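In what follows, a structure is listed as structure tokens, so that the remarks can point back to it.
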Amino acid sequence: MNIDEKYRLVTIAQGFSYSPYSKFKVGALLIFNDDSYVMGCNIENASYPLGNCAERTAIFKALSDGKDLKNVKELVVIAPSPRAVSPCGACRQVMNELLPSDCIITLFNNKKEVLVLKNSDLLPYAFNEGDLNG
Ligand code: THU
């Protein structure tokens, strides 16, 4: 999938955002090795802490639909931030556990500025399953 198509699709996901409180619309697109994809958006609530980020929406949707997250090649995210969006710490923790460490993370803002990273770049020294085994 080329970069214009990724931008087009993630912008559609962003349009589905339910964010009446922050008015900060975020979209996510999980792309699999066969070029199939799952969209996500942020979903807020009047009880503020219950909101969910776009990245985790996409990941949880895909997993709960029975998709094998080992086959994810890329996560694309967009938000109307001044720089390419920086995923929050909670999402990084979930991405670290559930997406391949070499998965590409493509971050946009709505000026189409882009930053391309790897999942493992986003959370150095991550707490993980191995840390639970003392
Ligand atoms: N948000 C995301 O969906 N993803 C991010 O990477 C950053 C923040 C959402 C959470 C909340 O709905 C709004 O953006 C403002 O923080």
Side-chain angles (χ1 to χ4, degrees):
M1 193 184 293
N2 68 39
I3 189 131
D4 292 332
E5 183 67 353
K6 290 173 198 172
Y7 186 80
R8 187 182 76 79
L9 290 169
V10 80
T11 303
I12 291 173
Q14 185 181 30
F16 297 143
S17 166
Y18 177 75
S19 44
Y21 306 105
S22 72
K23 310 210 184 310
F24 188 75
K25 289 177 178 281
V26 187
L29 184 73
L30 265 186
I31 308 173
F32 292 78
N33 288 328
D34 63 1
D35 269 347
S36 62
Y37 59 82
V38 171
M39 290 180 178
C41 64
N42 57 329
I43 304 170
E44 299 183 347
N45 193 276
S47 176
Y48 291 175
L50 301 186
N52 201 55
C53 292
E55 296 90 323
R56 280 177 290 141
T57 301
I59 293 168
F60 294 161
K61 269 178 69 182
L63 188 146
S64 58
D65 270 351
K67 304 242 158 61
D68 187 348
L69 296 179
K70 281 197 282 298
N71 297 325
V72 172
K73 68 174 171 190
E74 185 166 344
L75 171 65
V76 186
V77 191
I78 190 166
S81 36
R83 58 176 181 173
V85 58
S86 177
C88 81
C91 288
R92 290 175 197 224
Q93 183 69 28
V94 170
M95 289 154 62
N96 185 273
E97 176 143 345
L98 296 178
L99 300 182
S101 59
D102 61 351
C103 173
I104 306 288
I105 311 294
T106 299
L107 304 169
F108 282 113
N109 64 10
N110 285 97
K111 291 183 275 184
K112 214 173 177 178
E113 291 169 337
V114 64
L115 179 64
V116 180
L117 300 169
K118 250 187 353 181
N119 193 19
S120 57
D121 296 330
L122 281 172
L123 193 62
Y125 199 62
F127 176 77
N128 62 33
E129 186 198 3
D131 293 303
L132 294 173
N133 305 315

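Atoms within a ligand are numbered from 1 in the order they appear, just like the ligands themselves. Predicted, not measured: the structure shown is a model, and the values here were computed from it.
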Practice task
Within a distance under 4.0 Å of any heavy atom of E55, pick out the atoms of ligand 1 and give their elements.
Solution key: 2 (C), 3 (O), 4 (N), 5 (C), 6 (O)

Exercise for the section: Give the residue and atom name of whichever protein heavy atom lies nearest to atom 16 (O) of ligand 1, and the separation in Å to one decimal. Expected result: F24 CD2, 4.6 Å

Completion exercise
If you scan protein heavy atoms around atom 3 (O) of ligand 1, the nearest is A54 N, 2.9 Å

Problem - Heavy-atom gap P87 to ligand 1 smaller than 4.0 Å - result: yes

Exercise for the section: Name the orientation class of the two ring planes belonging to Y7 and F108 (parallel below 30°, tilted from 30 to 60°, perpendicular beyond 60°). Expected result: perpendicular

Practice task
Would you check if N71 and D34 make a side-chain contact, meaning some heavy-atom pair closer than 4.5 Å?
Solution key: no

Exercise for the section: Please identify which atoms of ligand 1 are closer than 4.0 Å to at least one heavy atom of C88. Expected result: 6 (O)

Practice task
Please confirm whether the backbone N or O of P82 pairs with a side-chain atom of N109, one donor and one acceptor, at under 3.5 Å?
Solution key: yes

Handout entry: Enumerated ligand 1 atoms positioned under 4.0 Å from heavy atoms of E44
Key = 11 (C), 12 (O), 13 (C)

Handout entry: A62 backbone acceptor or donor facing D65 side chain under 3.5 Å
Key = no

Problem - atom 12 (O) of ligand 1 touched by protein (heavy atom, under 4.0 Å) - result: yes

Exercise for the section: Mark yes or no for whether E55, through its side chain, and C91, through its backbone, hold a donor-acceptor pair below 3.5 Å. Expected result: no

Exercise for the section: Please check if any side-chain donor atom of N42 sits under 3.5 Å from a side-chain acceptor atom of S17, or the reverse. Expected result: yes

Problem - Element-labelled atoms of ligand 1 that are located less than 4.0 Å from some non-hydrogen atom of V26 - result: 1 (N), 2 (C), 3 (O), 4 (N), 9 (C), 14 (O)

Exercise for the section: Would you mind telling me if ligand 1 is within reach of the side chain of S22, the backbone, both or neither, using heavy atoms under 4.0 Å? Expected result: side chain

Handout entry: ligand 1 N/O within reach of N42 N/O, cut-off under 3.5 Å
Key = yes

Problem - C53: numbered ligand 1 atoms lying under 4.0 Å from its heavy atoms - result: 1 (N), 2 (C), 3 (O), 4 (N), 10 (C)

Handout entry: Within 6.0 Å of CD in E97, more than 12 heavy atoms from elsewhere
Key = no

Fill in the blank from the handout: side chain to side chain contact (heavy atoms under 4.5 Å, CB included) with T106: of V77, V76, I78, only one passes, and it is V76

